[in-house]
Amino acid sequence: MQITVNGVQHEIDVEDDMPLLWVLRDELKLTGTKYGCGIAQCGVCTVHMDGLAVRACQLRAGDAQGRQITTIEGLGTPEALHAVQDAWIEHQVAQCGYCQSGQIMSVASFLKFKPNPTDEEIDFALSSNLCRCGTYPRIREAVKTAAAKLRGEV
Amino acid sequence: MGKLKTITRRTFLVGSTAVAGGIAFGTYLAKKPLANPLESQLRVGEVTFNPWVLIDAEKITLIVPHMDMGQGVASVQAAMIAEELDLEMGQFEISFGVPDGAYYNTALAAEAVPFRSTDTGLQAETMRGLIGSVMKIMGMQVTGGSTTVPDTLNKLRIAGATARETLKLTAAIKTGVDVRDLRTASGAVHLPDGSKLLYTELATEAASLKPIHHNVLRDPKHWRLLGKPMKRLDVVAKSTGTLNYGIDLSFDDMLYAAVKLNPHKGSPLASYDDSSAKNMRGVSHILPVTGGVVAIADNSWRAFKAVEAIQCEWQKAPYPAEQGEHWQVVADSFTADRLDKIWRDDGDVQQAVNQKPDAQAEYKAPYVAHQPLEPLNAVIRNGKQKVDMWVAHQMPRFAQQKVAAITGHDQADVHIHQQYAGGSFGHRLEFENVILAAEIGQQLPDETIKLTFTREQDFAQDFTRQIGMARGQGTVKNGQVEAMDLQVATVSSSSSQGKRMDQPMPGPDKQIAEGVWNLPYAIPDFRVRAYRVPELAPTSSWRSVGASTAGFFGDCFLDELIHIAGADPLVERIRLCDDEVAKQVLIKAGELSNWHKPLKPNQGRGVAFVESFGVPVAEVVELTQTEHGIKIDQVTVVADVGRVIDPINFDNLVKGGVVWGLGHAMNCEITYADGRAQQSNYHQHAGMRMHQCPRIIVKGLENGRQVRGIGEPPVPPAAPALANAIFAATGQRIREMPFDKNIKFV
Ligand code: FES
Ligand code: FES
C-alpha cells in the first residue's frame, strides 16, 4: 500500500491492521514518533492526519492511506523550527524528552483551533499527554509562548 | 586481588561491619591513581589528559560518565569540565564514554553511611572516606542517589583545569612564550601579541607531554557557566524528535524481539506452545529464555503479536499470591525479632507513651511502579570476538558483567554503548532487559537484535517500590509536641535489589526509616525503630527510595501531634528544628507561601518537611475542595543544596519531583492477585496529568555546607504536604497511599 508521510509517498508492504506507529518507526525509520503505551493512554505517538492530532498507535495503516500524515520530523527541523518547537526550546521544557514529540504534535494541532487558549483549555487539550518527568508547568508556559508566536505577537 | 575483589564486591553497600572488612586492603589501592580508559583507544593525533577530556585536530570531546535519564547530566557535567577548560557550550561534543572503574561514584558511598548528613564527626567522616575507597577499588560507576552533581563537581573541574594547564604548557613550548603570559578562553590559548592557538591545533604536541595535575580550582565568584542558567545541550534534539534513545536505534538487517515473562515474577516457565505464533507473518524465531519466551520478527509489532500468541504455562510466584496476604505479613512485622535497628532514641519515649499517648495512628504505603515513558529495551550483537550492547543503564559495569556471564566473553570484550534514557526513576538499575538481550544474542550469534518490552510486560515485570506500614504514638504538652515514637516496617528494597546483583547487603537497611530518623527535630522524647519485613514480591530503588515511604509516615504523624497540641503546623516545626540550614528552609517556605494569609473556607494549606540525600526540603501545598474533588492549587518548595549549579535544571527537576511525589500519592499502586501485578498500563497507574498539576513555586537556598543533588529530595515531602493540606481543608486524615482510596481528586 501507499502512504504519504511528511509530503513523501512511500510504498509499504504491511498488514492493513499494523498500527501506523510501527509503520513509521520500524518500516520508515521515522523514530521521532515514540511508543509508550500502545493503548491511547500516553500520547507519545501523536502525529497529524490531515492536520489533526491522532494517536498513531490507534490508527491502522490501512486507514492512513490517502491521508496526509505529518510526524515531528515533518513539523520542523533543528534548522527550520516550527513555532511550537521554538517555544519548547526557549522554555527548555524537556527533561528526559521522551514525551515531548507527542506533546509538541498535540499542541501544534490544538493551537490551529484555539489560537488564544485559556489555562483550562490548555490543561484539557493536554490531559491525555502523559509526562512522567513532570514537565507540565513548563509545557503550560511554552504553549502560551507558542500561541503568541503563531499569532505573530512575538 | 582475586580475593580482595570478591570480598569488597560482596560487601560494598554499607553495613558498617562489612565496610570494616573491606578497608584492611583498601588504603593502598584507594590511593593508587586509576588508569585512564581513553588511553587504550586513542587514535593517531588524539590526546587525552584524564578520563574526561579527549582532543584531536578536529574536535574536543568531553566524557560524561553518568547516565542521562532526563536529569540533564550530559549538559551539567560537560559544563563542569568546560568551566575550567575555558570552553564555551557548543565548542565540544559529548560522549557517554565506556564503562570503566575510573568513573567510580564517590558521593553515593558518602550517602550510604548510617549517620545524619549534618554529622561531620570523626566517626561519620572516617566511614564516608572508607566507603569512598571501596567504591573506587571496585570501580562502582553508578548513576543514582542524586549524586550526579556532588560526585563530579570537583573531579570534573580538576579534569578541565589539568587539560587547560597542559595545553598552556604545550603552547609555551611551541611559541617560546612564558607560560605565565598565556591565557585561555573559548577553546584557545591566547598569546600576549593577540594571536591564539586553538586547543585542537595543540593536540598532537600536547600528547607528548605528561599531563600537569592541577587541582587549584577557580573561585565560584568567577564562574562563567556554572551557577548560571544553562541551555541544555540536548534541548533542540529533544524538541525536534531527533534525539535517538535506545529504543530508536536501527541497524542494517536488524531483527526485532519481544518477550513474554512469567507474570509470577522470578518464577520459571513451565511449558509453552508456539504452534500458532511461529507461522505468523515476519516471525523468524521463537526462543525460550530464563523465565519466559521471546519472539523474533522483522518488525516490533509483529514480534509483539507473535509473543502474545504463544501459550505459556507458568510456575507460581515465590511470594504470596494475594495482596491481602502481603499486607498481613507487613502488619505482623512489628516484632522484636524483625527489629532491624533503633535509629533514634532521644529522651525517654517509653515512659512518655506508657502514660497514655495523645495520638496513635497507623499508616500504609503500597508497592508502586517506576514505568518511565520509554519502555525497557536493548540492542544486542553477539560476535565471536566481542559483544556489543546498546542500552541505557545506571550501572554499566554491572551490565557488562551480566552479559559476560551469559555469553562467556571476557568482561573487557563486552562493549556497552550507553544511551540517553527516556526516564528511569530507578528502573534502569535493574537488569531484565540486559539479561534477556544477552540470552537472545547467545542463541542467535552475529545477528543484530533489538528487544523492546511492551508496556504491559514492563508493568508486569517492574520491581516496584517497597511496601510498608508505620505505627506512631505520641504525646503533647502545653501546646507543644513532647514525644513521638514511630515504628516503620517495610520490606528491604536494597536487599531485594542486592540479590539480583549477587550482592548480599549485610547490616541494617538504612532506607527503611530514611527520611524520619534523620529529622532535624529536637522532640524531647523521640524514637524511631525500623522493622524489616521478610521479602515478598521483589522490590527496588524507586525515586527517593526509603524516604518516599518513611518521609510520609513521619511527617504526617508529626502533623497529627502538632494539631492535637493546638500549635501551628509551620511554627511548631520551626520551633522544633535544631539545625540552622533546615530551619531556614522552613522559614523561607512559610514566607513564599504566605503561610499566615487566611484562606477561603473550602481551602486548606499543609506543610511537610523531609530531609533525604542530605537535602532539607519543605513543601507547602494549597488546595481547594471542589464539588468534583480535591484540586491542588499551588505548591511552594524550598530546598537547600549548598549550591545551585544550573538554576533552570534545578527548577525543572524540583517541579518534576513534586509532580512525581504528588501523582503517585494520589492514584498509584501495584497490587497482586493470583501472584500477578493487577495494573498493566497507564490507565491504572498514571500519576499526575496536566489538568491536575498545580502552580509550583521553587526556591533553592545555598546555606548548606556541601553541594548536593536535587533529583530525588523534592519527592518525599510532596505526599505528606498533600495529606496535611487535605486535613486542613476537610478535617479528614489520609493515612494510606494512594490517597484516592479515601478521597476524590479532580
Ligand atoms: S503509544 Fe499511543 S498513546 Fe501511548
Ligand atoms: S520529559 Fe520525560 S516523560 Fe516528559
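These numbers come from the heavy atoms of this one structure, side chains and all, not from hydrogens, waters or symmetry mates. Residue numbers begin at 1 in each chain, while the letters A, B, ... track the order of the sequences.
Heavy atoms closer than 4.5 Å to chain A are found in the side chain of B/N244, but not in its backbone. The contact between B/L653 and chain A is made by backbone and side chain atoms together, counting heavy-atom distances below 4.5 Å. In this structure, chain A has a heavy atom under 4.5 Å from the side chain of B/T242, while its backbone stays farther away. With a threshold of 4.5 angstrom between heavy atoms, B/F425 approaches chain A through side-chain atoms but not through N, CA, C or O. For a residue to count as touching a neighbouring chain, one of its non-hydrogen atoms must lie under 4.5 Å from one of that chain's; by this rule B/H370 touches chain A with the backbone only. Within the 4.5 angstrom heavy-atom criterion, atoms from both the backbone and the side chain of B/T454 approach chain A. In this structure, chain A has a heavy atom under 4.5 Å from the side chain of B/K305, while its backbone stays farther away. Contact annotation for B/Q371: both backbone and side-chain heavy atoms come within less than 4.5 Å of a heavy atom of chain A.
Between chain A and the residues B/Q71, B/R281, B/R232, the most heavy-atom pairs under 4.5 angstrom are made by B/R281. Of the listed residues B/R455, B/R689, B/K238, the one with more heavy-atom pairs under 4.5 angstrom with chain A than any other is B/R689. In terms of non-hydrogen atom pairs under 4.5 Å with chain A, the most contact-rich of B/G657, B/P694, B/A686 is B/A686. Contact count versus chain A (heavy atoms, under 4.5 Å) is highest, among B/D234, B/D298, B/L662, B/D651, for B/D651. For the set B/L243, B/L373, B/V659, B/V236, the count of heavy-atom pairs under 4.5 angstrom toward chain A peaks at B/L373. Per-residue heavy-atom pair counts under 4.5 Å with chain B were compared for A/Q100, A/E73, A/E27, and the maximum is reached by A/E27. For chain A, the option among B/T452, B/I247, B/V658, B/I696 with the highest count of heavy-atom pairs below 4.5 Å is B/I247.
Residues A/F124 and B/H691 form no side-chain contact, since every pair of their non-hydrogen atoms from C-beta on lies 4.5 Å or further apart.
Within 6.0 Å of CG in B/D253 there are 12 or fewer heavy atoms belonging to other residues, nucleotides or ligands. The 12-atom threshold is exceeded at NZ of B/K228, counting heavy atoms of other residues, nucleotides or ligands nearer than 6.0 Å. Annotation: A/K114, atom NZ; neighbour count of heavy atoms from other residues, nucleotides and ligands within 6.0 Å does not exceed 12.
Between B/E712 and B/R543, no side-chain nitrogen of the basic residue sits less than 4.0 Å from a carboxylate oxygen of the acidic one, so the salt-bridge criterion is not met.
A/R55 and A/T46 form a side-chain donor-acceptor contact under 3.5 Å, judged by distance and modelled atom types alone.
Relative orientation of the B/F96 and B/Y420 rings is perpendicular, given thresholds of 30° and 60° on the angle between their planes. Classification of the B/W542-B/W660 ring pair by plane angle, with boundaries at 30° and 60°, yields tilted. Ring geometry for B/Y245 versus A/Y98: interplanar angle over 60°, hence perpendicular rather than tilted (30 to 60°).
Aromatic pair B/F304/B/Y256: ring centres not closer than 6.0 Å.
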